[in-house]
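Inspection log for the structure reproduced underneath, given as structure tokens.
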Number of protein chains: 2
Amino acid sequence: MKLSPIEENYIKSIYYLQAKKGNVNTNSLAAHLETSAASVTDMMKKLKRKKLLEYKKYYGFRLNAAGNLYALEIIRRHRLWEFFLVSKLGMQWEKIHDIAEQLEHVSNDELIKKLDDFLGNPKTDPHGDPIPNEKGVMPVLRQIALKDLTIKKNAMVSSVSNQTPQMMEMLNHYKIKLGSHIKVTKQFVFDGSLQVKIDKQPECIISSMGAKNIFVYDN
Amino acid sequence: MKLSPIEENYIKSIYYLQAKKGNVNTNSLAAHLETSAASVTDMMKKLKRKKLLEYKKYYGFRLNAAGNLYALEIIRRHRLWEFFLVSKLGMQWEKIHDIAEQLEHVSNDELIKKLDDFLGNPKTDPHGDPIPNEKGVMPVLRQIALKDLTIKKNAMVSSVSNQTPQMMEMLNHYKIKLGSHIKVTKQFVFDGSLQVKIDKQPECIISSMGAKNIFVYDN
DNA sequence: AAAAAAGTTTAGACAAATCTAAAAATTTAT
DNA sequence: ATAAATTTTTAGATTTGTCTAAACTTTTTT
């Protein structure tokens, strides 16, 4: 089934609010989507007709299995595009969300599959949020700061917690990208700096400041 | 100004029909967009209000300078995405048009600028059609078959005239991509095969069959 | 130059998504 | 348990893009 971008936005918002608060009501969904409660009621009837959620007048609504799966598909597209915008086009975080909101509605299974492969099958978006797989399964990841990574354990760069020009300069210099393979080869107790191997590059040293702000998943 | 996807499709269709036939009338635009003549009339009034075309009842319509520029912007987005789908994701020609029709409506100037740079500022899409620049200027290109390329002249791969698995296999083997820099270093009169240099790779030999089907622009 | 044909526009209706204001149901407070 | 407050739904209007059928222009034919 293919929904309109508007319907997709409803599904996505319900999913988020449900994940955050357990249940969603008409008013909170209206607030989240910046629309009226009346519009929400109308749409709930429609999405019930389309069998994406349970809905009983005055008794709230809830995504069913199909609705959940659809939401995860949208989130998958959104997060893959966000990854693309940052890792391939080098866009800044603040700018990518709105663009990904547009791109997420482009629907073509082969496109998303190929995009995923092209990006190296990332497990999280640039903010560190997990990307559901094709079947709608969110990977369970342990994300830790690089400074806490067990020595000699392979890990992957998942996100970076600040995006100052100084930080970007450093990442750039070390050729650290989202998705980069990374391993700590030595720790210096003296100043907390680390010797690390990034992808296939020769080893280099990262300061404790840097190692605090770079996040990786090690599973 | 930001138009809806539907309005953009009207602008784009008018542009194409105008380029092909000089002038467009209500019925032919309706046919092209698979809609009714009445819908076209309604939309012409609207696009006139938005100052994108000249329109006089019963006397036809024509894009003005602003409308033309807008059309070229849409075409630019469409062709850049087509290039992306083929050169980065490795999709097949038959599949890319419909996807690009969706992607072309995603509007963000910085996105398109960065995408263009990421792709290496291609001058044509995978079909060999020129990509307008940011100012709406179509590059004037001389596209020729690789076999006709002057020896030792630098050129760029613009398109490939058939997409059989055999052809793809060869392109893959030689690492020839859209946008690849290419130069003929030697011609063998005997069988018409060519020695060529592709990007920074060592020289290789391409048969006359291959050289007939690979197109380049040499200016 | 009328009549016929072709092409275009208007009128009126419809579907999707929205809104406001009023009505109905539920929840909370007394 | 009734009243008050909150929340949700309905009713009816609006906007965008669409349609068919009828009316209107222009063009072509005779």
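Remember, predicted model here, so these are calculated numbers, not experimental data. Reminder, nothing fancy here: chain letters follow the sequence lines and each chain counts from 1. Just so you know, these numbers use all the heavy atoms, side chains as well, and skip hydrogens, waters and symmetry mates.
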Residue-phosphate contact under 4.0 Å: Tyr55(A) side-chain N/O, dT9(D) OP1/OP2
yes

Measuring from the side chain of Lys45(B) (C-beta onward, heavy atoms only), which nucleotide among dT18(D), dT10(C), dA24(C) has the closest atom?
dT10(C)

Going by atom types only, do Asp129(B) and Thr124(B) share a side-chain donor-acceptor pair under 3.5 Å?
no

Euclidean distance, atom CE of residue Met44(A) to atom C1' of dT10(D) [Å, nearest integer]:
16 Å

Lys147(A): partners by side chain to side chain contact (heavy atoms under 4.5 Å, CB included), with sequence neighbours left out
Ala145(A), Ala211(A), Lys212(A)

In whole angstroms, the gap separating P of dA15(C) from CD1 of Ile6(B) amounts to 17 Å

So, using ring-ring contact (aromatic ring centres under 6.0 Å, His included) as the criterion, who are the partners of His97(B) when residues are at least two apart?
His78(B)

Taking NZ from Lys57(A) and P from dA24(C), how many angstroms apart are they, rounded to a whole number?
11 Å

In whole Å, I'd like the distance from the OH atom of Tyr59(B) to the C1' atom of dT25(D).
8 Å

List in chain and number order the residues that pass side chain to side chain contact (heavy atoms under 4.5 Å, CB included) with Thr41(B), two or more places apart in sequence or in another chain; answer none if no residue qualifies.
Thr26(B), Lys45(B), Tyr55(B)

Check this for me: Glu94(A), atom CD, are more than 12 non-hydrogen atoms of other residues, nucleotides or ligands nearer than 6.0 Å?
yes

Between dT9(C) (P) and Phe61(B) (CZ): distance, integer Å
8 Å

Where the side chain of Met43(B) is concerned, which of dT18(C), dT18(D), dT10(D) is the nearest nucleotide?
dT18(D)

Nucleic acid contacts - residues 26-40 of chain B versus DNA chain C, non-hydrogen atoms under 4.0 Å
Thr26(B), Asn27(B), Ala37(B), Ala38(B)

In whole angstroms, the gap separating C1' of dA25(C) from NZ of Lys56(A) amounts to 15 Å

Would you mind telling me which of dT8(C), dT10(C), dA24(C) lies closest to the side-chain atoms of Asp42(B)?
dT10(C)

What nucleic acid atoms does Asn25(B) come within less than 4.0 Å of, heavy atoms only: base, sugar-phosphate, or nothing?
sugar-phosphate

In residues 86-93 of chain A, what donor-acceptor pairs under 3.5 Å come from side-chain atoms, sequence neighbours left out?
{"residue": "Ser87(A)", "atom": "OG", "partner": "Phe83(A)", "partner atom": "O", "Å": "3.0"}
{"residue": "Gln92(A)", "atom": "OE1", "partner": "Lys95(A)", "partner atom": "NZ", "Å": "3.3"}

Residues at least two apart in sequence or cross-chain that pass ring-ring contact (aromatic ring centres under 6.0 Å, His included) with His32(A), listed by chain then number, are none

